[in-house]
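Single-structure report; data block below.
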2 protein chains.
Amino acid sequence: MATRTASERRAEAARRYDAYIASCPTRQLLDRISDKWVTLVLSALADGPKRYSDLSRRIAGVSQKMLTQTLRSLERDGLVSRAVTPSVPVRVDYALTPLGSTLMPLLAHIKQWAEQHMDEVAAARAGHDGAG
Amino acid sequence: MATRTASERRAEAARRYDAYIASCPTRQLLDRISDKWVTLVLSALADGPKRYSDLSRRIAGVSQKMLTQTLRSLERDGLVSRAVTPSVPVRVDYALTPLGSTLMPLLAHIKQWAEQHMDEVAAARAGHDGAG
DNA sequence: CGGAATCCGCGCGGATACTG
DNA sequence: CAGTATCCGCGCGGATTCCG
């Protein structure tokens, strides 16, 4: 029987919509830069290449697992380059790629909005919570 | 003894850094707009007020729980307004506030970068995966 | 119609230990 | 130094059920 229940039809609509959303470039970008560590790593690399341990120190809160994972994913996406110097001990340098650099104005825009308006958001939040 | 182990010192540094990060306006904004449903709701409201059920239909993949939760948080932050008409049955209209409207150019900027560069990201990803 | 409340799976990410 | 591997808690979010 091709007859489907309402819940089955809803489920499929949701799946199709999910697929549509996943394919949306804006969503993909948002997924990328919304990551807590991604923005911190990109910002850290904005003023020049850094070694792994440099990044680890500058982004004090990050675990090695997340730092490595973040760098790997950024490298995979062509936003960050990874250069290994096979000395002893090993030396690895990370840097923004040209593509990665084009993201910086966008991050600046985000930072600008945040600095201009987040206090209004905070005020709205306080008022809302206070007024109950 | 005030003497602390290395791990204790590291843990406190991480905590302080986490607090610092949490207070950063840029991070707060990013946390806000990175939410999957937030951007979809804001975009849906960009071309005028909508009823709850309108939003529910336009954003087909969202569960009721998440739609309500998203709208509540946006209202709390002063980005979206909520107007109840106590008819029978009840009618609720949501709209962007002036503050919420100022976010739209930023979202447009994000969309622009995505449409200009996400294919390069996809290509880099494919090349990376293919070259192994 | 527009929610609130509850249950629950699962994946993100932190902590720890080990390696070339 | 620059990772890899593993374990595990916890919170996000989906599904379901009930309410004014």
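Letters A, B, ... are given to chains in the order of the sequence lines, protein chains preceding strands, and every chain is numbered from 1.
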- Query: Can you tell which of Q69(B), R82(B), R32(B) makes a side chain to side chain contact (heavy atoms under 4.5 Å, CB included) with L74(B)?
  - Reply: R32(B)
Roughly how many Å is it from [atom1] in [X] to [atom2] in [N], rounded to a whole number?
{"X": "Q69(B)", "N": "dA5(C)", "atom1": "CD", "atom2": "P", "answer": "12 Å"}
{"X": "L55(B)", "N": "dC1(C)", "atom1": "CG", "atom2": "C1'", "answer": "14 Å"}
{"X": "L67(B)", "N": "dC1(C)", "atom1": "CG", "atom2": "C1'", "answer": "13 Å"}
{"X": "K36(A)", "N": "dG13(C)", "atom1": "NZ", "atom2": "C1'", "answer": "10 Å"}
{"X": "D31(A)", "N": "dC12(C)", "atom1": "CG", "atom2": "P", "answer": "11 Å"}
{"X": "K50(B)", "N": "dG2(C)", "atom1": "NZ", "atom2": "C1'", "answer": "18 Å"}
{"X": "R57(B)", "N": "dG2(C)", "atom1": "CZ", "atom2": "C1'", "answer": "13 Å"}

- Note on the structure: Ranking dG13(D), dC1(C), dG13(C) by distance to the side chain of P89(B), first place goes to dC1(C)
- Side-chain heavy-atom pair L40(A), R58(A) within 4.5 angstrom cut-off: no
- Note on the structure: Once base and sugar-phosphate atoms are separated, protein heavy atoms under 4.0 Å mark nucleotides 2-9 of chain D, 5' to 3', with B, S and - as SSS-B---
- Message: Please report the interatomic distance NE2(H117(B)) to CG(L29(A)), rounded to the nearest 0.5 Å.
- Response: 10.0 Å
- Item | Euclidean distance, E120(A) CD relative to L79(B) CG, rounded to 0.5 Å |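 CD of E120(A) is found 9.5 Å from CG of L79(B).
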- Query: Are D129(A) and R125(A) ion-paired here, with the side-chain N under 4.0 Å from a carboxylate O?
  - Reply: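 Not counted as a salt bridge, because no side-chain N and carboxylate O are separated by less than 4.0 Å.
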- Non-hydrogen atoms of D93(B) and R51(B) that approach each other most closely: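 What the structure gives for the nearest pair is OD1-CG, 3.4 Å.
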